[in-house]
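Remember, it's a predicted structure, so these values are computed and weren't measured experimentally.
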Protein chains: 2
Amino acid sequence: MASASYRRRQCFAGPLLAEPEWRVLDRSEIDWLNAIVMCRAYAPGQCIFHEGDACQGLYIICEGLVALRKHDGAGASVLIRLAETGDILGYRSLLAEEPYQTTAEVLKPSRVGFVATTIVHELIARKPDLAFAFLRRVCHDLGEAQERFHLTVTQSLRARVAYFLLLMKEDYGTETPDGSLLIELPISRRDMAEMIGVRSESLSRTIRQMTDDGILAFSGHRAWIGNTDRLLDELGPHVERHPMT
Amino acid sequence: MASASYRRRQCFAGPLLAEPEWRVLDRSEIDWLNAIVMCRAYAPGQCIFHEGDACQGLYIICEGLVALRKHDGAGASVLIRLAETGDILGYRSLLAEEPYQTTAEVLKPSRVGFVATTIVHELIARKPDLAFAFLRRVCHDLGEAQERFHLTVTQSLRARVAYFLLLMKEDYGTETPDGSLLIELPISRRDMAEMIGVRSESLSRTIRQMTDDGILAFSGHRAWIGNTDRLLDELGPHVERHPMT
DNA sequence: CGCCAGGTTGATTTCGCTCAAGCAATGTGG
DNA sequence: CCACATTGCTTGAGCGAAATCAACCTGGCG
């Protein structure tokens, strides 16, 4: 049927089809993709592509978690974004026709499908709506990137931690029986620090400080937030209150 | 013919047509646009649109200079990008179908054309290449925004000033007879500081420091750089050497 | 048990911010 | 034409937040 790490079937299935990009495709096109697209498994620590590599196509995370990082010459790096099940990688490079600007490092065991550049162009030519779907996504991403820059430059570390947690709440937050908020962060402290743009020691201290102030409680990758309003108060004046509309 | 501030003719003409977006249009479409598009004059200090406004369409700078800013509740603001003759404003909001995230403030006397959302959609429907052109642009912008975030988080103020000057060199730099580089910055110190993400006092100090080190010389909005390599040396290890490829 | 990676804490330093004053260029009104 | 405000930029002194360097936990695992 296939090797241990490569499979041909069932890349585009289930909830993946709900992604705005694929929703514009009809049954036959999905089937066509499923017949063509290579899907392979990655273990944590492996890289799907590296900063500077030429872009050959885009990647679809069928299952798992991947970090997009930028490195500088010294050890320092920055985590640009997390990508989880259903997310697409490499579309920026593909559509800008530039090399990858980030390294895609697998954080949790993942299955990832690959769609070659030619296939994508063919699809877009056939379905102009697909271009629209990508346009919307990229424009939204650009807005987030600008927001993030603004925030990083103007807000204190503590405000940025609060903002980060509110972002993570969207994807990883749940209500606990007693009415408080539980966030199961999928990443390490170091990665969290790299997303906020801060040293991990400083993050530790800030978390401790906020814990002492009774705003939150941490245990490993789990964060409890008793009162979300207290977190919102940490944000500077008139910062966009609901980043994820 | 027209009021003092509104004109109907000649918005799309001359070098404007060289912009990748409009190059995909043929003569008849350009004429059609020129017949429809409102062009008006703005004085420095006026705003074309404001953060939070609903997006009605996009703006084309026929002539002039405009700053896109993000404000926070306190006085602080950040300059997201400069737009000059030929540049387009508002395409992010239009294509993401979101309100404006920035305020467009005119810095130099400008003539600006307005293209309503419906017109843009009509054009894209007729010319799928237009969608491609926008995709490329937005993806490129996204790359720059990520690069900028990375830089701001990992590099020192001094390195960021160096990087900024190398960016400005692309658009505003010229060779002087004696072989050194002259950059005629179109913006104030304050705006420069807002682009770098730093207080203007700190920028002043950094410029003085670099002047004392013999790397550059400033006089008002003019900057001389004797040796570009000295500037490059200021960049951290392995930072992308040629940001504008 | 010892080892090791990830995380926390402590001590110190440094960089950039804040607040405040000075200065040059431009504008304004008498 | 001069006195005086205003604006943009630079400089100074002091402070504070975050980085740095280094030690020390803690829990998982061979």
Side-chain angles (χ1 to χ4, degrees), chain A residues 43-45 67 72 74-79 105 107-108 149-164 185-213 216-223 234 236-237, chain B residues 43-45 67 72 74-79 105 107-108 150-164 184-213 216-223 234 236-237:
Chain A
D72 66 355
S77 64
V78 163
L79 209 164
E105 183 191 331
L107 297 184
K108 289 184 178 175
F149 175 73
H150 177 234
L151 207 90
T152 305
V153 161
T154 60
Q155 302 293 312
S156 71
L157 201 166
R158 183 158 164 153
R160 280 147 65 197
V161 169
Y163 182 87
F164 172 82
L185 297 166
I187 53 171
S188 69
R189 283 306 144 87
R190 179 154 291 282
D191 287 341
M192 203 173 143
E194 284 193 9
M195 292 191 78
I196 296 169
V198 77
R199 295 284 151 215
S200 70
E201 298 97 316
S202 300
L203 177 59
S204 264
R205 276 183 249 279
T206 305
I207 287 175
R208 155 135 309 280
Q209 199 181 306
M210 292 173 92
T211 306
D212 292 345
D213 294 350
L216 45 76
F218 262 83
S219 170
H221 289 187
R222 256 175 285 268
E234 294 293 332
Chain B
D72 66 355
S77 64
V78 162
L79 209 164
E105 183 191 331
L107 297 184
K108 290 182 178 175
H150 177 234
L151 207 88
T152 304
V153 162
T154 59
Q155 302 292 312
S156 71
L157 200 166
R158 183 159 165 150
R160 281 147 64 197
V161 170
Y163 182 87
F164 171 82
E184 301 235 28
L185 296 166
I187 54 171
S188 68
R189 284 305 145 84
R190 178 153 291 282
D191 287 342
M192 202 172 142
E194 283 194 9
M195 291 192 79
I196 297 170
V198 77
R199 295 286 149 212
S200 70
E201 300 97 315
S202 300
L203 176 59
S204 263
R205 276 184 248 280
T206 305
I207 288 175
R208 154 133 310 279
Q209 202 180 304
M210 292 173 92
T211 305
D212 291 347
D213 293 351
L216 46 76
F218 262 82
S219 169
H221 289 188
R222 258 176 283 269
E234 293 294 331

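Counting heavy atoms from C-beta outward, A:Met195 and A:Ile187 have side chains that approach closer than 4.5 Å.
The 12-atom threshold is exceeded at CZ of B:Arg158, counting heavy atoms of other residues, nucleotides or ligands nearer than 6.0 Å.
Minimum interatomic distance between A:Gly197 and B:Val153 (heavy atoms only, all atoms of both residues): CA-CG1, 3.6 Å. Across B:Ile207 and B:Leu216, no two heavy atoms sit closer than the pair O-CD1, 4.1 Å.
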Go through the steps to decide whether B:Leu157 and B:Arg205 satisfy the test side-chain contact (heavy atoms from CB on, under 4.5 Å), and finish with yes or no.
-> CA-CA 10 Å; B:Leu157 200 166; B:Arg205 276 184 248 280; over 6 Å; no
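Checked by atom type and distance alone, the side chain of A:Ser188 pairs as donor or acceptor with a backbone atom of A:Asp191 at under 3.5 Å. B:Ser156 contributes a side-chain N or O that, together with a main-chain N or O of B:Ala159, makes up a donor-acceptor pair within less than 3.5 Å. In terms of modelled atom types and a separation under 3.5 Å, the side chain of A:Arg208 and the main chain of A:Leu203 share no donor-acceptor contact.
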Can you pull every protein N or O that's under 3.5 Å from an N or O on nucleotides 21-27 of chain C?
none

Sugar-phosphate or base contact per nucleotide [nucleotides 9-26 of chain D; S, B, -; heavy atom under 4.0 Å] | SBBBB----SBBB-----
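Protein atom CD of B:Gln209 is 12 Å distant from nucleotide atom C1' of C:dT14, rounded to whole Å.
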